[in-house]
Amino acid sequence: MLNAQQQAVVAHGDGALLVIAGAGSGKTTVMAHRAAALIGRGLDPGRLLLLTFTRRAANELKRRVAGLLRDQGLDLPWAGTFHSVAVRLLRRHGGLIGIDPGFSILDESDSRDLLGLAAEPEAEREAAETPPNPAAPDQDGFPPKGVLCRLYSYQRNTELPLPEVIARIAPTHAKRQEALQRAFAAYEARKKASHGLDFDDLLHAWRDLLRSPHAAALELFDAVMVDEYQDTNTLQAGILDGLCRRHRRLTVVGDDAQAIYAFRGATVENILAFPDQFAPVSLLPLETNYRSSQEILDAANALWAEATRGYRKRLTAARGPLGERPRLETVETDWRQAEAITAAIEIACYREGVPLREQAVLFRSSHQAFRLEMALQKARIPYQKYGGQRFTDTAHVKDAMAFLRCHENPHDETAWRRAFSLLPGVGPASAGRFVTALAATPPEQLADTLAGLRFPAKAQPFREDLLKAFQALAAPGADAAAGLAAVLEFYFPLLRRHYDQPAERETALRELQVLAARYHTTREFLDDLLVNHDPDEDAPGHDGHLTLSTIHSAKGCEWRHVHILNLVEGGLPSGPSQEDGGQIEEERRLLYVAMTRAKDRLVLYQPSIRETAVAGGGVKRAPYKPSRFLSPAVLALFDGGPDGSCAADPVYEPEPDGGGWEIRSSPPVETGPRATSRQARRRREWRWGDE
DNA sequence: GCAGTCGGCTTTTTT
DNA sequence: AGCCGACTGC
């Protein structure tokens, strides 16, 4: 059942192997079979490491390999994302390089907050040195913590010199190089004192471990396989280097046409440099697509043919043509777009018998789906949304986790701050004082120090219960579920004080408790929540839902019907990406990934009018510009369009200013579709109120 | 001096 | 849902 190219990958021996796998070429199946074949040849499955980049890809791969291995009664313990494997290894062996095995994991918002705090002195210093603020109000202030966080993370992932990083991400802050350097150093000191590792630290620490003198004693893996290699960065390549010192049983699978994580420091160079880095390397292609109709692949091929760089490739459909070309639907507004998609999905579901789980709507960024979500709710179509804000990013979940973290790692400044700030009358200043007091005492005396803190009057009523909650956490034999139960009992009154819609949040936290019951220790529970498990994945009724997903989260997935939103300038390509050419090419690859998710039917939507609410309740209407990716050559392969024949429509003629459709001379920037505050808020109220 | 609340404005993508 | 500035109250 495997074709000749696939069999070659499965049969390949022990040398390093690079598989260039086109979209839909069955790479997950092939990886699973190769893993099984290696085990069949005597590899200990406990010493096989399977690495992916995203949790969804990890879950999918795990499921497939496990399915093959279960027949042989085998288990595969080491499969996951780079980050999750790093956490497991560092919990066990991090002590060898000076890492507290009880370290906290700082997720993105944690590190953003801590970095913001660490940078405060720099921001203040600057404010003090430049008091006269002439014409420009806050045009050019000290970067906000979100920008700091992106700069820092990009540097840690690319390991480029700071000036280069600033030039690429935030060139306006070039003059602050030294201040930024000091802020980052202060952040690193705070992290260290907190016994906390952020996402980037996890990868760095793993590589440090592999480069340490203890590496030889920690040869845990006899074979390594990596999925989506085009999305790895040099740091991850360094980890592979360390993993494969003594052997070359390294299989790497990737497709340069699907590289969509450059913004995180991933580089296509990794896959291009692989043959040199791990020489000698065998290179095997997978070129037959088993997913899509030839009509869909023709359109994807045409899109890729216009990329400014990359391996030329043409996908060929094993299924052949299906007799249905992809469609471009031009719609008047975003609202019409939402209605059109809802109608199309209803027709497919109820008249053509295509189940909802076989249909998906994909979009560039999470907020682009807001209007669609409303339309779907109105039509009572159940959906599951992937991408954008995650479960663990919601305030109430972070709060509950903070209490558990305080107990697991008493040095955790971020967690203590969060926990203390929930108490009435306690703000940033008091929380900071409490943290300082805690840091000055050894963890054994935690209970005493806690009891000795001078709470403001308003917080006094919560004092007893707080102490009780921590006692319950420390009780012998307290497992994850018991710990969380104690925390929630204490936390619910605070939750009700702090947030809107407390009932929904409480329900969500009760769900969390069901999840906690699956774990023995609180630490395993927290680790999985942050770096492994996706609670949405196994939501009940998952199978009966339509999928809404960011394109990033859709990678590796497939559906019979795929709808793609907002094929307009500012939508796809997205607004912020239009400034430099490299980012535009990443947007093109995103569209390529999105299009190649479809098996039978692919529909792109292009609204022509952008409606934004203005202050006072009015609506401003402005024309959208069609996405530059829909060139005449691409559109010739689509049905539909403004007058039913895409290629002939004057809207898509080259620009009169001589730019044409060449990417390098594309028309000037136009801002993208954005839900204005008013619209966004209205939507939220509606959503919350209706749920 | 500190905490808390309200109104107005803005949100790429993932671990 | 966060951020910022403005304002209120202890």
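FYI, side chains are in, hydrogens and waters are out, and symmetry mates aren't considered; it's all heavy atoms of this structure. Note that this is a predicted model, so its numbers are computed, not measured.
- Under 4.0 Å is where a charged nitrogen must lie from a carboxylate oxygen, and between A/Glu413 and A/Arg417 at least one such pair does.
- Figure legend: A/Arg588 and A/Phe629 shown without cation-pi pairing, the cationic atom not lying both under 6.0 angstrom from the six-membered ring centre and within 45 degrees of its axis.
- Each salt bridge (Lys or Arg N to Asp or Glu O under 4.0 Å) pair with one or both residues in residues 494-503 of chain A, not counting sequence neighbours, appears once here: A/Arg496-A/Glu506.
- You can call A/Phe263 stacked on the base of B/dT13; the centres are under 5.5 Å apart and the planes sit within 30°.
- Taking the six-membered ring where the residue is Trp, the centroids of A/Tyr605 and A/His563 are separated by under 6.0 Å.
- Using a 4.0 Å cut-off between a side-chain N of Lys or Arg and a carboxylate O of Asp or Glu, A/Lys398 and A/Asp110 qualify as a salt bridge.
- Applying the 4.0 Å criterion to OP1 and OP2 of C/dC3, one finds that A/Lys145 has a side-chain N or O inside that range.
- A/Arg150 has no side-chain polar atom (N or O) that falls below the 4.0 Å cut-off from OP1 or OP2 of B/dT11.
- For A/Gln230 and A/Asn270, the side-chain atoms include no donor-acceptor pair closer than 3.5 Å.
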Taking only nitrogen or oxygen atoms into account, show me every contact under 3.5 Å that the protein makes with nucleotides 3-6 of chain B, one pair per line with its distance.
| from | atom 1 | to | atom 2 | distance (Å) |
| --- | --- | --- | --- | --- |
| B/dA3 | OP1 | A/Gly427 | N | 3.1 |
| B/dA3 | OP1 | A/Ser430 | N | 2.9 |
| B/dA3 | OP1 | A/Ser430 | OG | 2.5 |
| B/dA3 | OP2 | A/Ala429 | N | 3.1 |
| B/dG4 | OP1 | A/Gly425 | N | 2.2 |
| B/dG4 | OP2 | A/Val426 | O | 3.3 |

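- With A/Trp78 as the aromatic partner, A/Arg88 meets the cation-pi criteria of under 6.0 angstrom to the ring centre and within 45 degrees of the ring axis.
- Checking the phosphate oxygens (OP1, OP2) of B/dT11, no side-chain nitrogen or oxygen of A/Ser365 falls inside 4.0 Å.
- With A/Phe199 as the aromatic partner, A/Arg156 does not meet the cation-pi criteria of under 6.0 angstrom to the ring centre and within 45 degrees of the ring axis.
- If you take CZ of A/Phe82 and P of B/dT15, they are 14 Å apart, rounded to a whole angstrom.
- Using a 4.0 Å heavy-atom distance criterion, A/Ser366 is classed as a sugar-phosphate-only contact.
- For B/dT14, one of the phosphate oxygens OP1 or OP2 lies less than 4.0 angstrom from a side-chain nitrogen or oxygen of A/Ser553.
- In the region residues 229-242 of chain A, proximity to DNA chain B at under 4.0 angstrom, judged on heavy atoms, holds for none of the residues.
- Nearest nucleotide to the A/Tyr261 side chain, out of B/dT14, B/dT15, C/dC3: B/dT14.
- In this model, no donor atom of one side chain and acceptor atom of the other lie less than 3.5 Å apart for A/Tyr499 and A/Glu504.
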